[in-house]
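Written below as structure tokens is the structure these notes are about.
Everything numeric here is computed off the predicted structure, so don't read it as measured data. Residue numbers run from 1 in the order of the sequence given.
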Amino acid sequence: MTKSMIDTTMSPEDLESRVREIASAESASDAFKILLDSARVAAPRAAVLLVRQGQLRGWAAVGYPSQAARTFRDLSIAIDTDWTARLAGVPGESLRVHRGNPTSPEFGQPRASEWAESVLRVKGRPIAVLIMERERAEEPWSPHSIALLVQVASMRLELDLASRKLEQFESAGGPLHAVSAQMAPTASAEIDSTKISAPVAGTEVARPALDSAKRYARLIASDIRLYNEEAVQLGRRDGDLLVRLGDQLTRGKDAFLKRHRDLGPAGVGLFHEVLVEVLAGGNATLLPRRALD
């Protein structure tokens with residue numbers, strides 16, 4: 001291992017703290033934000049790109065000149081071209097560090113003499129890639145530390161996916177206890193089947209059911225924000241958030257009601273509260289309740 005590939009800037013305590021943050025992240029968006037914040041203290045410049053519909057799309061970048069950062073948010077690269085073709089490479093490979101060629105994605109930033117890429121995969125499929133760049137011997141430089149955090153984020157999102165599948169088994173009347181037993185050795189600390197129990201018909205909505213519904217609502221809202229970050233920001237600024245996100249909100253509501261229709265008005269109210277918190281920054285006037293009626 002060369003000197004430039006040795007991690008020396010993130011202490012074990014700092015690394016452990018960030019692992020805990022990712023493990024408690026409530027959504028993919030939150031996990032990506034923690035990764036990017038962590039990368040900022042491990043590399044001079046870093047950025048996250050999302051894999052979506054056969055494209056790599058710029059999500060957020062730190063440490064770059066303001067113009068380059070703005071250009072990055074509009075970046076869209078076909079996955080089967082240039083360096084992106086390597087995303088379909090060895091699934092177990094968590095990090096690649098490069099010098100010179102091949103070049104990193106270009107969006108008006110200063111040319112890097114060394115850069116690293118770490119791919120976040122869920123169920124073997126790449127869903128995001130984090131890149132880190134530096135010029136010559138710039139510090140800090142801890143790409144291996146960030147690659148470890150990317151693996152933690154991947155496991156966290158895998159657990160979210162497993163949790164949602166368990167809820168689907170429950171809502172469909174499937175053998176939830178059997179599935180839970182199979183997953184208990186790896187996911188028991190994250191999944192508590194008592195917290196996703198359906199309410200008993202004819203009784204007051206149980207708190208565990210509302211907790212389960214709130215988690216699902218937050219996943220929907222976070223996904224909407226993750227893939228429509230610019231629309232969310234402009235909608236907040238211009239007061240037309242409802243117009244900009246109309247289709248996404250409709251699809252989100254349909255998905256929520258398909259899963260939690262039995263909660264009735266309490267469920268719709270909960271879903272609305274989460275949308276206001278995540279998408280409107282707490283400003284209910286931007287997303288009035290009538291928009292969901």
Side-chain angles (χ1 to χ4, degrees), residues 15-39 48-54 56-57 59-60 79 86-96 117-131 143-172 174-196 208 211-227 252 255-256 259 274 278:
L15 197 58
E16 180 181 1
S17 174
R18 293 176 188 276
V19 166
R20 291 180 182 275
E21 288 183 44
I22 293 173
S24 61
E26 295 186 349
S27 67
S29 180
D30 288 342
F32 293 156
K33 288 177 182 177
I34 296 168
L35 283 176
L36 196 57
D37 178 66
S38 300
V48 170
L49 301 100
L50 303 183
V51 179
R52 189 182 183 198
Q53 298 177 340
L56 264 180
R57 299 184 181 181
W59 185 66
I79 287 182
R86 297 194 306 276
L87 293 180
V90 182
E93 189 174 41
S94 60
L95 177 72
R96 293 186 182 185
E117 59 180 290
S118 187
V119 180
L120 193 157
R121 292 181 170 87
V122 174
K123 293 297 181 182
R125 291 178 52 245
I127 66 169
V129 57
L130 189 150
I131 63 172
H144 285 74
S145 296
I146 300 306
L148 174 60
L149 295 181
V150 168
Q151 290 182 296
V152 172
S154 177
M155 290 186 288
R156 181 69 186 93
L157 297 182
E158 294 250 10
L159 284 173
D160 281 343
L161 180 62
S163 179
R164 276 181 272 182
K165 286 186 176 181
L166 285 176
E167 291 185 3
Q168 289 173 351
F169 267 94
E170 179 198 38
S171 60
L176 178 61
H177 65 282
V179 178
S180 297
Q182 293 173 4
M183 298 188 64
T186 57
S188 59
E190 296 291 337
I191 301 173
D192 182 352
S193 61
T194 64
K195 293 184 178 181
I196 54 176
D211 290 342
S212 174
K214 188 171 184 177
R215 287 195 300 273
Y216 189 58
R218 186 172 290 279
L219 284 171
I220 292 173
S222 296
D223 282 347
I224 292 175
R225 177 165 181 172
L226 178 64
Y227 294 113
F256 180 82
R259 179 78 60 84
V274 171
V278 175

Shortest non-hydrogen separation from [X] to [Y] and the atoms involved:
X    : Y    : value
I34  : A25  : CD1-CB, 4.3 Å
A60  : L36  : CB-CD2, 3.6 Å
V278 : R218 : CG2-NH1, 3.7 Å
E158 : R121 : OE2-O, 4.3 Å
A153 : L35  : CB-CD1, 3.9 Å

**Fill in**
d(E117 CD, L95 CG) to nearest 0.5 Å is 8.0 Å
**Gap between atom CG of L219 and atom CZ of R259 - 0.5 Å precision** =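 Output value for this atom pair is 9.0 Å.
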**Prompt:** Would you call the rings of Y216 and F256 parallel, tilted or perpendicular if under 30° counts as parallel and over 60° as perpendicular?
**Reply:** parallel
Solution key, residues 15-22 side-chain donor-acceptor pairs under 3.5 Å, sequence neighbours excluded:
from: E16; atom 1: OE2; to: R20; atom 2: NH2; distance (Å): 3.1
from: R18; atom 1: NE; to: D14; atom 2: OD1; distance (Å): 3.1
from: R18; atom 1: NH1; to: D37; atom 2: OD2; distance (Å): 3.0
from: R18; atom 1: NH1; to: S38; atom 2: OG; distance (Å): 3.2

**Asked** Within a strict 4.5 Å, meaning less than it, do heavy atoms of the L120 and V129 side chains meet?
**Response**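 Heavy-atom side-chain distance check fails, nothing below 4.5 Å.
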**Complete:** The single option from L50, V119, L157 that satisfies side-chain contact (heavy atoms from CB on, under 4.5 Å) with I127 is L157
**Residues in side-chain hydrogen bond (donor to acceptor under 3.5 Å, both in side chains) contact with S222, at least two apart in sequence or another chain** =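 Counting only residues at least two positions away or on another chain, S222 forms a side-chain hydrogen bond (donor to acceptor under 3.5 Å, both in side chains) with S27.
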**Request:** Examine distances only and state if a side-chain atom of S118 and a backbone atom of L130 form a donor-acceptor pair shorter than 3.5 Å.
**Result:** no
**Asked** Can any side-chain N or O of R156 pair as donor or acceptor with the backbone N or O of A31 at less than 3.5 Å?
**Response** no
